[in-house]
There are 2 protein chains.
Amino acid sequence: MTEVATLIDGYISMWNETDPERRRALVARTWADDARYVDPLVTGEGRDGIDAMIAGVQQQFPGHRFELATGPDAHHDRVRFSWHLVADGGSRVATGVDFGTLSTEGRLQSVTGFHEQPA
Amino acid sequence: MTEVATLIDGYISMWNETDPERRRALVARTWADDARYVDPLVTGEGRDGIDAMIAGVQQQFPGHRFELATGPDAHHDRVRFSWHLVADGGSRVATGVDFGTLSTEGRLQSVTGFHEQPA
């Protein structure tokens, strides 16, 4: 795996990690200190804010998992990839695309999520 | 049209405008002063750099036009849309997606382009 592929692999794992301590470790490995996440429904500022935001999404979608759909596709300090949110029984309940910028240390500095319209 | 739709309409027109004075006016209307564009092949810093970059792309693809394919899709100060590059005879020679952030004045602050793989 390239460094960016490893980073985005950890990012997806982070969204799926419901153990607070392990999730927090994944957040710290994935994001820069002063990182920011924003999508149409939720936002998170800094590692603490992002961790709390993910915990909230997990409570809203119990038993669901995020899966990488396409990418990551990266150039310069920019990356994009798409994902599916999959329910307990295996059905896809949402699909989206995330755009990110990387910090000089190779962590995520900023991520913007967009939701695809259901086909 | 929403303000963002008007902005992205002007952005596409800017890429297609080969008259230097009119292109320069579209650049000024579309971008913040200290804007930045980056895609896998070219980059432009500030309005002067972006204008020169577009002139270079136009020389590389004479007779081609950009067309909006999907979007714009916007939330907060973020926008995404996709485009086709169409040759003189009408065939699509490239497709990509642009992801942008907006300045407080509603102009483009930063745009990252990605190229789709040919289907």
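Throughout, a chain's letter reflects where its sequence line sits, starting with A, and its residues are numbered from 1. Values reported hereafter were calculated over all heavy atoms of this structure, with side chains retained and with hydrogens, waters and symmetry mates removed.
Only the side chain of A/S110 comes within contact range of chain B, judged by heavy atoms closer than 4.5 Å.
B/M14 and B/V86 are assigned to two separate hydrophobic clusters, defined by single-linkage of ILVMFWY side chains at heavy-atom distances under 4.5 Å. Cluster membership for A/V79 and A/L26, using ILVMFWY side-chain heavy atoms within less than 4.5 angstrom, is shared. Under a hydrophobic clustering in which Ile, Leu, Val, Met, Phe, Trp and Tyr are joined whenever their side-chain heavy atoms come within less than 4.5 Å, directly or via other members, B/V38 and A/V4 fall into different clusters. Two different hydrophobic clusters hold B/Y37 and B/F114 under the rule that ILVMFWY side chains link at heavy-atom gaps under 4.5 Å. Hydrophobic cluster membership is shared by B/F81 and B/W15, with clusters built from Ile, Leu, Val, Met, Phe, Trp and Tyr side chains linked at under 4.5 angstrom.
A distance of 8.5 Å separates CZ of A/F99 from CG of B/D98, quoted to the nearest 0.5 Å. B/D73 CG to A/E116 CD: the interatomic distance, rounded to the nearest 0.5 Å, is 7.5 Å.
Judged purely by atom type and a 3.5 angstrom limit, B/H75 uses its side chain to pair as donor or acceptor with the backbone of A/G113.
Listed here is the closest heavy atom pair of B/H115 and A/R80: O-NH2, 3.4 Å. Contact detail for A/D39 and B/H76: the closest heavy-atom pair is O-CE1, 3.1 Å.
In terms of non-hydrogen atom pairs under 4.5 Å with chain A, the most contact-rich of B/T101, B/V97, B/T43, B/T112 is B/T112.
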